[in-house]
Enquirer: 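I have a structure I would like to understand better, so I am pasting it below and will then ask my questions one at a time.
Both ligands and their constituent atoms are indexed starting at 1 by order of listing.
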Amino acid sequence: MESIYLVGFMGSGKSTIGKQLAKKLNLLYIDMDEQIEQTTKKQIKTIFAEEGEQAFRDIEHKILTETPKQGYVVSTGGGIIERKENRQWLLNKQVVYLNTSWDTIKNRLAHDQSRPIWQDQSKDKQLLMQSRDPKYREIAKIIVNTDQRSIDQIVAEINLHLHK
Ligand code: S3P
C-alpha cells in the first residue's frame, strides 16, 4: 500500500493517530520529528537554537523525500507545508489533514516546552495556524476534523476514505 502522510498543526494528534493508523493497517510507522532527532543526534529545539529554522527546514525536506513510498504511515512536522517543494512532493501522495480547532491546540500545548515555534513569543500562533490551513488543504486527499472525537473514531474515518 502507498505510504500515508499525516499533516496538520502542532498538537493536532499526528503522532498519536499515526501510530494507531499504522497498527490498524498493518503498516510501519515513521515520526519525522523523531527521525530528524535520530539522524542529527540533536533535539529539535537545539537545531533551532544553534542553526536556525531554515537549517531545520533543509533537514526536514531531506528526511521527507527519503521516506519510503510504500508501506508506511508518516507523521510529518506541523511546518512541513511551509516549503513549496514539500507541498509539491506531497501533492501526489496519500495525505491526510488532521484539522483541529485553535482552542483544542491551545489546551493540548499549554505546558509544552519542546516546540521552538510554539515557544517563540514573537510569533502569533493562532495567525500562523490560520495561514497554514490553506497549505494543508492544498495537498490533502482526506481532511478529518479531530475535535471531540476519539482516536478510534478518527482512525476509522481515515481508513474509510483511503485508497487501498
Ligand atoms: C514545527 C512543528 C514540530 C516540529 C518543529 C517545527 C512547526 O512538529 O517539526 O518544532 O513549524 O509547526 P509537530 O507538528 O509534530 O509538533
Enquirer: Tell me which one of Arg87, Arg57, Lys135 satisfies side chain to side chain donor-acceptor pair (under 3.5 Å) with Glu82.
Expert: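 Testing Glu82 for a side chain to side chain donor-acceptor pair (under 3.5 Å) against Arg87, Arg57, Lys135 leaves exactly one candidate, Lys135.
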
Enquirer: Let me check something: any side-chain donor-acceptor pairs from residues 88-95 under 3.5 Å, sequence neighbours excluded? List them with distances.
Expert:
unit_1, atom_1, unit_2, atom_2, d
Lys93, NZ, Trp89, O, 2.9
Gln94, OE1, His163, N, 3.1
Gln94, NE2, His163, O, 3.1

Enquirer: For ligand 1, what is the set of protein residues having any non-hydrogen atom at a distance below 4.0 Å?
Expert: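 Met10, Lys14, Asp33, Ile44, Phe56, Arg57, Gly77, Gly78, Gly79, Arg115, Pro116, Ile117, Arg132.
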
Enquirer: Sequence neighbours left out, what pairs pass salt bridge (charged side-chain N to carboxylate O under 4.0 Å, His left out) with at least one residue falling in residues 17-30?
Expert: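 Residue pairs passing salt bridge (charged side-chain N to carboxylate O under 4.0 Å, His left out), neighbours aside: none found.
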
Enquirer: Relative to the ring of Trp102, is the ring of Trp118 parallel (under 30°), tilted (30 to 60°) or perpendicular (over 60°)?
Expert: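 Because their plane-to-plane angle lies in the 30° to 60° range, the rings of Trp118 and Trp102 count as tilted.
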
Enquirer: Between Lys42 and Glu51, is there a salt bridge with N-O shorter than 4.0 Å?
Expert: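 Salt bridge: yes.
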
Enquirer: Test: side chain to side chain donor-acceptor pair (under 3.5 Å). Region: residues 105-116. Which pairs qualify, not counting sequence neighbours?
Expert: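 Pairs touching residues 105-116 that pass the test: Asp112-Ser114, Asp112-Arg115.
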
